[in-house]
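The block underneath contains the structure these notes are about, expressed in structure tokens.
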There are 2 protein chains.
Amino acid sequence: MNTFTEENYLKAIYHLSTQHDSVSTNQIAASLNTRAASVTDMLKKLADKRLINYERYQGVTLSPQGEKVALSIVRKHRLWEYFLVEKLNFKWDEVHEVAEELEHISSRDLVDRLDEFMGHPKFDPHGDPIPDKNGHFKANELKPVSSLSVNTTGIISGVREHSPAFLQYLEKIKLVIGKEIKVCEINSYDHSITLLLEDEMLYISRDVANNLLITL
Amino acid sequence: MNTFTEENYLKAIYHLSTQHDSVSTNQIAASLNTRAASVTDMLKKLADKRLINYERYQGVTLSPQGEKVALSIVRKHRLWEYFLVEKLNFKWDEVHEVAEELEHISSRDLVDRLDEFMGHPKFDPHGDPIPDKNGHFKANELKPVSSLSVNTTGIISGVREHSPAFLQYLEKIKLVIGKEIKVCEINSYDHSITLLLEDEMLYISRDVANNLLITL
DNA sequence: TTAAAAATTTAGATTAGTCTAAAAATAATA
DNA sequence: TATTATTTTTAGACTAATCTAAATTTTTAA
């Protein structure tokens with residue numbers, strides 16, 4: 001078994017790996033709010049346990065075993081988020097912190113039964129895919145709203161940023177998962193976008209458009 | 001906030017306090033599978049935080065603040081056990097270990113919503129009372145089967161021992177919560193008991209009778 | 001009521017995870 | 001390509017929780 005801390009490092013490396021081939025010490029330190037020196041210490045430990053591929057100064061990748069552990073944490077995190085929203089009526093901006101704790105509960109049986117109880121959901125409340133018990137999931141083909149051209153439509157299906165502030169903002173302007181949008185105008189100066197959402201015009205910044213994901 | 005370990009010490013002291021006025025270092029060490037020296041260190045720390053009343057060599061009691069923390073852990077533990085059995089179909093002998101982890105999830109909101117979701121249950125799957133959000137609960141008047149005299153009846157309502165081995169044994173002989181029993185004969189040599197359970201005669205040892213609780 | 005036994009505490013180490021400050025390696029650029 | 005800047009690692013220290021072994025206090029019982 002791995003410690004709570006080791007699990008958090010593996011999860012951080014996993015998430016950073018989806019954006020970069022190899023993950024650097026500083027990237028990990030930033031994402032875990034810790035210092036580079038602490039990261040180096042932990043990387044040595046994880047390498048000793050064969051959970052990562054690590055050579056000094058060369059960055060790090062997950063080993064197959066490390067990826068397996070990371071995926072099980074991600075699975076637990078997303079299943080718990082689904083549970084909190086669907087069964088306990090949490091809002092989608094309230095679940096992340098709690099799921100950060102719940103994801104470390106070790107019982108394999110628990111998470112599988114929870115999955116069963118909820119009918120094997122495929123996506124969490126933010127549109128992220130939930131890996132199955134073998135770590136498999138179909139990566140959904142999500143594109144940021146900012147990549148759309150004028151007059152195309154799409155369905156809001158996920159977010160790239162999970163901060164409560166962002167999620168609450170989306171909630172407030174009713175830009176939530178499942179809604180259909182149409183791009184009406186793209187401002188070429190600041191890349192802000194005017195959308196059509198349920199017969200209403202809506203103006204969003206480039207930043208929001210970048211972090212909001214749709215399926216076509 | 002208190003650490004995971006501090007919470008476990010407070011919980012252990014709480015449980016031991018229900019049986020003894022003042023709790024000794026060795027009792028705590030035994031119940032936590034640790035050494036007396038480690039317990040002394042922790043007692044100093046808990047006393048500094050005003051969670052316990054402690055004087056060297058004199059044993060320990062919970063302060064009001066300490067009892068509040070302990071009760072919140074007990075509440076979480078028992079609510080999670082109820083959830084696991086009622087919603088996720090765990091057996092009553094499988095839930096203790098998992099609940100030992102879940103009881104340390106800190107979100108107050110989570111446990112209150114869970115309570116709500118399950119309809120504010122009053123007793124966990126082993127018949128132990130679940131404190132409400134203010135730490136209040138009515139201590140049920142349970143007596144061990146071993147205290148009954150011949151020809152009296154009672155309803156199985158709880159257990160005093162939570163080991164999987166004991167619970168599985170009860171399950172096997174169908175002596176589970178809710179069933180009515182009648183004491184037919186008490187063996188004066190070894191205090192074993194012959195019971196009537198649903199028209200069948202059943203023989204149990206003194207030890208089992210001591211750890212099985214009934215309401216009249 | 002004193003000597004032996006038991007319980008408890010202290011002293012001194014150890015491990016996991018973290019930190020700061022300094023050294024070493026890599027990357028960037030003049 | 002030589003020098004500067006950045007990144008990463010090492011060295012050494014700290015805290016929380018634990019341990020063993022020795023010392024101290026309390027309890028028991030002769």
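Quick note on labels: first sequence line is chain A, next is B, and so on, each numbered from 1.
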All ring pair (Phe, Tyr, Trp, His ring centres under 6.0 Å) counterparts of Phe83(A), not counting sequence neighbours | Trp80(A), Phe83(B)
Between the main-chain N or O of Leu88(B) and the side-chain N or O of Arg113(A), is there a donor-acceptor pair closer than 3.5 Å?
-> yes
Just by distance, do the side chain of Arg75(B) and the backbone of His136(B) share a donor-acceptor pair under 3.5 Å?
-> no
Are OP1 or OP2 of dT18(D) and a side-chain N or O of Arg35(B) less than 4.0 angstrom apart?
-> no
In B/S/- notation (B base, S sugar-phosphate only, - none; protein heavy atoms under 4.0 Å), nucleotides 6-13 of chain D written 5' to 3' is -SBBB---
Check side-chain hydrogen bond (donor to acceptor under 3.5 Å, both in side chains) between Ser63(B) and all other residues, then give those that pass, not counting sequence neighbours.
-> Gln65(B)
Residue list, side-chain hydrogen bond (donor to acceptor under 3.5 Å, both in side chains) with Asn53(B), at least two apart or on another chain | Thr61(B)
Under 4.0 Å between a Lys/Arg side-chain N and an Asp/Glu carboxylate O for Lys44(B) and Asp48(B)?
-> no
Near DNA chain D, which residues from residues 1-21 of chain B have a heavy atom under 4.0 Å away?
-> Thr3(B), Thr5(B), Tyr9(B)
Step by step, work out the side-chain contact (heavy atoms from CB on, under 4.5 Å) result for Val95(A) and His126(A).
-> CA-CA 10 Å; Val95(A) 295; His126(A) 310 104; 3.9 Å; yes
Results of salt bridge (Lys or Arg N to Asp or Glu O under 4.0 Å) for Lys87(B) - residues two or more places apart only | none
Atom CG of Leu46(A) and atom P of dT18(C): how far apart are they, to the nearest Å?
-> 11 Å
